[in-house]
Chemist: 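Here's a structure for you.
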Amino acid sequence: MSKKIMLAPDAFLKVCPSRAVLARIGQKWTVLAMVALQDSSLRFGDILRRLEGVSQKMLTQTLRAMERDGLIERSVYDERPLRVEYGLSPLARTLLPLVVELKEWAERSLKTIETHNCIFDRKFSH
């Protein structure tokens, strides 16, 4: 009978499950959904309108994966019509400052990155 060796999480290791966590939180729709939900719970349609360009299918997949990971909480209200809201979990709130900063960094750095893209493309387009 083989013994399972328990190692501390190390995302540099190919077999480490923390890589899946990094992959999830590194997805643009996960980041943007978290930022959209930072102030209050929202209904699916509200999130869909806030995240321009996301398809219903992709948003559904993203929200389900986030719920599975414990990043969002899905609340169903017994009303007519049925009301469903998505909100950040306590776990997600620990990640939120990093995600908000990542989004803001991308927005602040956009011009610089575009400049570097142009320089690079000119250098290697010949």
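Keep in mind it's a predicted model, so treat the numbers as computed, not measured.
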Chemist: A side-chain contact here means heavy atoms from C-beta on lying under 4.5 Å apart; do I47 and V54 qualify?
Modeler: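 I47 vs V54: side chains apart.
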
Chemist: Decide yes or no for T115 and T112: does some side-chain heavy atom of the first lie under 4.5 Å from some side-chain heavy atom of the second?
Modeler: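 When only atoms from C-beta onward are counted, T112 and T115 do not touch, as no gap falls below 4.5 Å.
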
Chemist: Tell me whether Q56 at atom CD has more than 12 heavy atoms from other residues, nucleotides or ligands lying less than 6.0 Å away.
Modeler: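 Result for CD/Q56: open.
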
Chemist: Has S89 got a side-chain atom pairing as donor or acceptor with G70's backbone, closer than 3.5 angstrom?
Modeler: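 Yes: the side chain of S89 pairs with the backbone of G70.
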
Chemist: Looking at side-chain heavy atoms only, is the closest gap between F44 and V84 below 4.5 Å?
Modeler: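 Heavy-atom side-chain distance check fails, nothing below 4.5 Å.
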
Chemist: Shortest non-hydrogen contact from A36 to L42?
Modeler: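 Scanning both residues, the minimum pair turns out to be O-CD1, 3.6 Å.
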
Chemist: Run the numbers on L88 and M34 for side chain to side chain contact (heavy atoms under 4.5 Å, CB included), then give the verdict.
Modeler: CA-CA 7 Å; L88 295 180; M34 285 185 66; 4.1 Å; yes

Chemist: Side-chain heavy atoms under 4.5 angstrom apart, residues restricted to Ile, Leu, Val, Met, Phe, Trp, Tyr: same cluster for V21 and M66?
Modeler: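 Each belongs to a different hydrophobic cluster.
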
Chemist: Looking only at non-hydrogen atoms, find the nearest pair between L37 and Y86 and report the distance.
Modeler: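 So the two residues come closest at CD2-O, 3.1 Å.
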
Chemist: Would a distance-only check, ignoring hydrogens and angles, find a side-chain to backbone donor-acceptor pair under 3.5 Å from R74 to G87?
Modeler: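 No; judged by distance alone, with no hydrogens or angles, the pair does not exist.
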
Chemist: Counting distance only, does the side-chain N/O of D69 pair as donor-acceptor with the main-chain N or O of L71 below 3.5 Å?
Modeler: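 Not confirmed, D69 side chain does not pair with L71 backbone.
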
Chemist: Treating R93 as the side-chain partner and Q38 as the backbone partner, does any N or O pair qualify as donor plus acceptor under 3.5 Å?
Modeler: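 Confirmed, R93 side chain pairs with Q38 backbone.
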
Chemist: Is the backbone N or O of L91 less than 3.5 Å from a side-chain atom of T94, with the two atoms forming a donor-acceptor pair by type?
Modeler: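 Such a contact is found between T94 side chain and L91 backbone.
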
Chemist: Look at D46 together with R43 and state whether they make a salt bridge at an N to O cut-off of under 4.0 Å.
Modeler: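 Looking at R43 together with D46, the answer is no, because their closest N to O distance does not fall below 4.0 Å.
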
Chemist: Do I25 and V99 have side chains that approach each other closer than 4.5 Å (heavy atoms only, starting at C-beta)?
Modeler: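 Side-chain contact under 4.5 Å: no.
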
Chemist: Between R24 (side chain) and R19 (backbone), is there a donor-acceptor pair under 3.5 Å?
Modeler: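 No.
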
Chemist: Show the nearest heavy-atom pair for residues S55 and M58, with the distance to one decimal.
Modeler: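 Smallest heavy-atom distance, with atoms named: OG-N, 3.0 Å.
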
Chemist: Are I119 and L110 in one and the same hydrophobic cluster, where Ile, Leu, Val, Met, Phe, Trp and Tyr link if side-chain heavy atoms are under 4.5 Å apart?
Modeler: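 Shared cluster, no.
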
Chemist: State yes or no: do V76 and L48 share one hydrophobic cluster built from I, L, V, M, F, W and Y residues joined by side-chain heavy-atom distances below 4.5 Å, directly or via other members?
Modeler: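 Yes; L48 is reachable from V76 via cluster members.
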
Chemist: Between K103 and E101, is there a side-chain N and carboxylate O pair less than 4.0 Å apart?
Modeler: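 Salt bridge flag = no for E101 with K103.
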
Chemist: According to a hydrophobic-cluster definition based on side-chain heavy atoms being under 4.5 Å apart (Ile, Leu, Val, Met, Phe, Trp, Tyr only), do V15 and L22 belong together?
Modeler: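 Different clusters: V15 never reaches L22 through Ile, Leu, Val, Met, Phe, Trp or Tyr contacts under 4.5 Å.
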
Chemist: Would you please test H116 and E114 for side chain to side chain contact (heavy atoms under 4.5 Å, CB included) and show each step?
Modeler: CA-CA 5 Å; H116 284 282; E114 288 176 338; over 6 Å; no

Chemist: If you count heavy atoms of other groups shown closer than 6.0 angstrom to CZ of R68, is the number above 12?
Modeler: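 Atom CZ in R68 is not packed in, count stays at 12 or less.
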
Chemist: Would one find more than 12 heavy atoms of other residues, nucleotides or ligands at under 6.0 Å from atom CZ of R83?
Modeler: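 Counting neighbours around CZ of R83, more than 12 heavy atoms of other residues, nucleotides or ligands fall under 6.0 Å, so yes.
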
Chemist: Does one hydrophobic cluster hold both W29 and W105, with members joined at side-chain heavy-atom distances below 4.5 Å?
Modeler: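 No; tracing contacts between hydrophobic side chains, which count when under 4.5 Å, never links both residues.
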
